[in-house]
Asker: 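Questions regarding the structure given below will be posed in turn.
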There are 2 protein chains.
Amino acid sequence: MAVTRRPGAHECGIAAAMSVIDGKWKVSLLWTLEQRPRRFGELRRLVPGVSEKVLAAQLRELETDGIVHREVFDEVPPRVEYSLTALGQDLNAALEPLGDWGAKHLLPDSA
Amino acid sequence: MAVTRRPGAHECGIAAAMSVIDGKWKVSLLWTLEQRPRRFGELRRLVPGVSEKVLAAQLRELETDGIVHREVFDEVPPRVEYSLTALGQDLNAALEPLGDWGAKHLLPDSA
DNA sequence: CAGTATCCTCATGGATACTG
DNA sequence: CAGTATCCATGAGGATACTG
């Protein structure tokens with residue numbers, strides 16, 4: 001997407017937040033990592049449709065934004081684990097109302 | 001942006017919600033309309049940078065999604081007013097935590 | 001395994017002219 | 001005023017081959 005930044009009240013915050021979750025797979029990644037840390041290959045499988053290139057790119061952006069922590073284990077074969085930072089967990093929590101809204105009003109069978 | 005839909009818990013709701021606010025200017029429009037109904041030309045001015053084409057397009061999408069109400073007054077010169085529906089107001093409310101998160105963690109001077 | 005490096009496609013949005 | 005119609009630019013993302 002890419003949201004526009006304008007001065008004033010909440011919107012700056014929303015725009016800033018949107019820029020962080022802007023990326024086709026980021027919310028999926030956030031949600032997947034909420035459960036537990038995952039390796040690169042796991043994420044590929046758990047988020048069907050992402051290409052390696054894009055997965056790596058979006059993980060790096062999330063890392064840069066302080067949402068995701070990347071830990072490299074010096075093993076053979078190589079192993080890298082991605083996990084949510086505290087900030088990332090907060091973000092996920094902040095997304096819940098939006099998810100609830102969507103589930104309630106947009107999904108076919110809102111429980 | 002265009003977020004991916006996958007089955008499971010909250011994410012569907014989030015994906016659905018994201019698809020509704022997906023569009024470069026939609027959140028700005030939402031926020032602008034929160035204050036009071038606005039005419040097309042007002043929105044052009046209040047949301048600097050949008051072209052007429054895109055403004056019209058995104059307003060229509062929001063209307064289709066039930067977020068925005070479009071009212072045509074049969075006057076000369078023509079007058080059309082856009083306002084938030086109840087659903088749109090709910091959406092805005094659901095976006096608040098996200099905005100707060102962004103303001104708190106991403107903006108330079110978080111009050 | 002966990003990524004780069006390339007190349008390519010296509011949708012979103014920008015600019016502008018025109019109309020009811 | 002409130003839009004459409006048209007044409008064009010850009011960049012995010014997809015596919016695939018290759019590497020440390």
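Within every chain, numbering begins at 1; the chains are lettered A, B, ... in the order of the sequence lines, protein sequences first and strands thereafter. The model shown is predicted, which means the values in this text are computed figures rather than measured ones. Every heavy atom of this structure was used, including side-chain atoms; hydrogens, water molecules and symmetry mates were not.
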Asker: Given D:dG3, D:dG13, C:dG13, which nucleotide is nearest the side-chain atoms of A:Gln58?
Answerer: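 Looking only at side-chain atoms, A:Gln58 lies closest to D:dG13.
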
Asker: For the pair made of CG in B:Asp74 and C1' in C:dG20, what is the distance, rounded to whole Å?
Answerer: 12 Å

Asker: Measure from NZ on B:Lys24 to C1' on D:dT10 and round the result to the nearest Å.
Answerer: 10 Å

Asker: Whole-Å distance between C:dA2 P and A:Arg79 CZ?
Answerer: 9 Å

Asker: Nearest to the side chain of B:Ala56, which nucleotide is it out of C:dC1, D:dG13, D:dT4?
Answerer: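 Nearest nucleotide to the side chain: D:dT4.
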
Asker: Test A:Glu61 against every option in A:Arg70, A:Lys24, A:Lys26 by the salt bridge (charged side-chain N to carboxylate O under 4.0 Å, His left out) rule and name the one that passes.
Answerer: A:Lys26

Asker: With nearest nucleotide decided by heavy atoms, which residue, B:Gly49 or A:Arg60, maps closer to the 5′ end of DNA chain C?
Answerer: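 This one resolves to A:Arg60.
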
Asker: Without decimals, in angstroms, what is the distance between B:Glu75 CD and D:dG3 P?
Answerer: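 Taking atom P of D:dG3 as the reference, CD of B:Glu75 is at 13 Å.
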
Asker: Counting side-chain heavy atoms from C-beta on, which of D:dA2, C:dG14, C:dG3 comes nearest to B:Val80?
Answerer: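 Closest nucleotide among those given: D:dA2.
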
Asker: Check whether NZ of the Lys or CZ of the Arg A:Arg38 lies under 6.0 Å from the centre of the six-membered ring of A:Tyr82 and within 45 degrees of that ring's axis.
Answerer: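 Cation-pi check for A:Arg38 and A:Tyr82: fails.
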
Asker: Suppose we call a contact any N or O donor and acceptor under 3.5 Å apart; does that hold for the side chain of A:Lys53 and the base of C:dG3?
Answerer: no

Asker: Report the distance from atom CD of B:Glu63 to atom P of D:dG3, rounded to the nearest whole Å.
Answerer: 9 Å

Asker: Would A:Glu52 and A:Arg44 satisfy side chain to side chain contact (heavy atoms under 4.5 Å, CB included), going step by step from the backbone distance to the final call?
Answerer: CA-CA 7 Å; A:Glu52 297 182 339; A:Arg44 277 219 62 181; 3.0 Å; yes

Asker: If you pin A:Leu59 and B:Val50 to their nearest nucleotides in DNA chain C, which one's is more 5'?
Answerer: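 Residue closer to the 5' terminus by nearest nucleotide: A:Leu59.
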
Asker: Does any nucleotide pair with D:dT19 by Watson-Crick or G-U wobble geometry, both distances under 3.5 Å, and what is it?
Answerer: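 By the stated definition (distances under 3.5 Å), C:dA2 pairs with D:dT19.
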
Asker: Given that B:Tyr82 and A:Ser51 both sit by DNA chain D, which one's nearest nucleotide is further toward the 5' end?
Answerer: B:Tyr82

Asker: What is the distance from CG of B:Asp22 to P of C:dA11, rounded to the nearest Å?
Answerer: 14 Å

Asker: Taking CD from B:Glu71 and C1' from D:dA2, how many angstroms apart are they, rounded to a whole number?
Answerer: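 Answer to the nearest Å: 15 Å.
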
Asker: Nearest to the B:Arg70 side chain among D:dG3, D:dG13, C:dA2, which nucleotide is it?
Answerer: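 Comparing D:dG3, D:dG13, C:dA2 against the side chain of B:Arg70, the answer is D:dG3.
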
Asker: Nearest heavy atom decides the nucleotide; on that basis, is B:Phe40 or A:Glu52 closer to the 5' end of DNA chain D?
Answerer: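 In this pair, the answer is B:Phe40.
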
Asker: Paired with D:dC8 by Watson-Crick or G-U wobble geometry, both distances under 3.5 Å: which nucleotide is it?
Answerer: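 Partner of D:dC8: C:dG13.
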
Asker: Could you tell me the separation between the CZ atom of A:Arg39 and the C1' atom of C:dG3, rounded to a whole number of Å?
Answerer: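 Spelled out: CZ on A:Arg39 to C1' on C:dG3 is 13 Å.
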
Asker: Between A:Leu106 and B:Asp65, is any pair of side-chain heavy atoms under 4.5 Å apart?
Answerer: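 A:Leu106 vs B:Asp65: side chains apart.
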
Asker: State, yes or no, whether a side-chain contact exists between B:Met18 and B:Ile21 at a heavy-atom distance under 4.5 Å.
Answerer: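 A side-chain contact exists here, since the closest heavy-atom pair is under 4.5 Å.
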
